[in-house]
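Written out below as structure tokens is the structure these notes cover.
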Amino acid sequence: MKFVDEYRDAEAAQHYAIAIAQIATHPWTIMEICGGQTHSIVKFGIDKLLPRDITLIHGPGCPVCVTPIEFIDQAIAIASLPSVIFCSFGDMLRVPGSDVDLLTVKAKGGDIRIVYSPLDALEIAQANPTKQIVFFAVGFETTAPATAMLVYQADQQGMKNLSLLVSHVLVPPAMEVILSSPHHQVQGFLAAGHVCTVMGYAEYEAIAQTYHVPIVVTGFEPVDILQGVYLCVKQLEQGQAQVENQYARAVRRTGNEVAQTLMNQVFTIVPRRWRGMGEIARSGLELRDTYANFDATKRFPISIKTTAESSECLSGLILQGIKQPHECPAFSTRCTPEHPLGAPMVSSEGACAAYYHYQMTNDE
Amino acid sequence: MTNTSRLSCPIPIEQYPMILLAHGGGGKLMHQLIEQMFVPMFGSATLHLRHDAAAIALNGQKLAFTTDSYVVYPLFFPGGDIGSLAVNGTVNDLAMVGAHPLYLSVGFILEEGLPMETLWQIVQSMQQAALTANVQIITGDTKVVDRGKGDGIFINTAGIGIIEHPQIIGPHSVQPGDVLLLNGDIGRHGIAVMAAREGLTFETAISSDSAPLADLVLHLLDAEIEIHCLRDLTRGGLASALNEIATAAGVEIEIVESQIPVQVEVRGVCEILGLDPLYIANEGRFVAFVAAKDAERALAILQADQATQNDSSSFANKACIIGRVTRTSTGMVKMKSQIGTQRIVDMLSGEQLPRIC
């Protein structure tokens, strides 16, 4: 299959693995930002192709994982209302809230629909004029434009029975938080290719310069990731800290300006709490005042009582790359995909779930 | 008689106080339900064998008996419908113990308001499928439920077949060295149903692989292929079937990703939606564990059979050898990936998609 098979070619993968081994003279630690990349790395065993001294650590780029528990609790409260059809991406349904998850609400009779695109919610709203339709908008800059398009179209059509619970977050502020931590181990980044498809990579240039860290915009297939690692190691060996674009087949420096304009029109940037990481300044998106009538928190002013997250879950440290999933004492014992203590064990992009599914017997 | 009132529920209520869709998904939660609630309570030796159909001895004859319920939505999808599925699925469960399927029962649960024309189409489709699979539908039952309490129609079929060979086919016969054969490309049924249900449209139509498998299996048996285990790849797909067998047999299985055929359209949909074809449901695919000495011969028989079939998607419909049983272990499935590394193929907790079959 074109655009897939050539990037999963065993020979090309080996070629880059050898090239990396040839240029690496020091141990280096590189963080891939995106959960999709984490998934690829663990699924294909890319880390096993790398020299022992090159360590890949996994970043916070799993939208399901970083959505704060108060949003999950709010989603659960709204989805439980009898007049509501609650629309969500499938992955969110199993994330534990304070008491239950959305799947349990569904089993109790809540009308929860898995959608593949935010615009599906518009169709559901049109087809169910007597119901209130709520879309749970999560994700990074990658999914935000599609949410913005939903708001824009709903506004154009004067939809009265559609609202959104918006929990979109932005990548660069989280990178800066990680780099500002005194415990961080990150020496280079693989930036998330799909985020950059929308946003471009100009905004990463300041980060690379300020923190003197190379950033390589990288795709998601095995050969993409190996090439990204190669470019990053090459910069590290040469003492450089530039932004480079490995994923040129999809990413331009300025990104997708049309999508950015729409996002700007619909959203404003706010501080946002990240699950496991705490509040990060200028890291969240919220509906602008002109679109406030689509805000589900205003339409359904429900007071929720959020309980503390499991004290045993290390998700904060894992999302910042300070710990690896198998270093958690609860990993695969008290925390499994069937009984997750935290979100990284739930999502298909979560680092813990990726390790659990593909590498449980890593040390065998 | 067991005093059931004294027993507490074996699935801790704090974990799952109610049934979730995932309990029917063919993954870990469904197995937990079977292992912890059904098998211990019903506790027969045959049930403990965990096979698609039960093999029972009766007056010197060996019979196979099985049942399955069909709740697929939509009722009609490219390549099949709930009626043909209800016949093929039960015929295939009988075939997986090497039985010659003979008779089926059918139970209809109909929802008030179901158009008569829809029922007529389904019934005709069942009769056609029974004819193709050479089985007779000899008894049945009809119930109607209030509007809103069913999805148009649910069908249960049970089947009886006769086992006319001396081989013991089941997970417990699997041995290190066995070779795994797959009778064609995977994932088409699940994707065809999902596309029809969700209104996803693609440039090329993806058609279900639903088909009866008994003739294929009987041809292998007629040729005296030493078959150790057979499993049709329904809910949970190839990955779940192999995990079930690896666990029940206490072996490690190694498969090779590049050997597993997946139609390019199915791969495309899976890539877009983030699904893994290894976990997608099939209704006309099975995996055979055969003695290494007979593997090539078995492959030739499966391929020759397919050459005579009139499947419009036959370009991808090619039997192949996908792996082998490497050693005894606690039950593990490994896969050599496209890029040459090795990874685990785990069983999913629930399902990738709600309610396929």
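Per chain, numbering begins at 1; letters A, B, ... match sequence-line order.
- You'll find the side chain of B/Asp346 reaches within 4.5 Å of the side chain of A/Tyr356, heavy atoms only.
- Here the OH-CE distance, from A/Tyr116 to B/Met194, works out to 5.0 Å after rounding to the nearest 0.5 Å.
- The ring-ring contact (aromatic ring centres under 6.0 Å, His included) check on A/Phe135 picks up A/Phe89, with sequence neighbours excluded.
- Contact check for B/Ile339 versus A/Leu49: side-chain heavy atoms found under the 4.5 Å cut-off.
- Within 6.0 Å of the NZ atom in B/Lys336, the count of heavy atoms belonging to other residues, nucleotides or ligands does not exceed 12.
- With a 4.5 Å cut-off on non-hydrogen atoms, A/Val4 touches chain B through its side chain but not through its backbone.
- With rounding to the nearest 0.5 Å, the separation of CD in B/Gln338 from OH in A/Tyr7 is 14.5 Å.
- Only the side chain of B/Leu273 comes within contact range of chain A, with at least one heavy atom under 4.5 Å from a heavy atom of that chain.
- Among residues two or more places apart in sequence or in another chain, the salt bridge (charged side-chain N to carboxylate O under 4.0 Å, His left out) test is passed with A/Asp5 by B/Arg267.
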Give the C-alpha distance, both sets of side-chain angles, the deciding distance and a yes or no for side chain to side chain contact (heavy atoms under 4.5 Å, CB included) between A/Lys43 and B/Asp276. CA-CA 11 Å; A/Lys43 179 175 175 182; B/Asp276 189 337; 4.0 Å; yes
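- What you find for A/Lys106 and B/Leu21 is that their closest heavy atoms are NZ-CD1, 3.4 Å.
- Interface remark: A/Thr104 contributes backbone and side-chain atoms alike to the contact with chain B (heavy atom separation under 4.5 Å).
- Comment: B/Glu271 engages A/Arg8 in a salt bridge, judged by a side-chain N to carboxylate O separation of less than 4.0 angstrom.
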Steps toward side chain to side chain contact (heavy atoms under 4.5 Å, CB included) verdict (A/Val42, B/Arg343): CA-CA 8 Å; A/Val42 183; B/Arg343 70 148 160 121; over 6 Å; no
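- A pairwise comparison of heavy atoms in A/Ala107 and B/Met18 identifies CB-SD, 3.5 Å as the closest pair.
- Neither the backbone nor the side chain of A/Glu123 has a heavy atom closer than 4.5 Å to any heavy atom of chain B.
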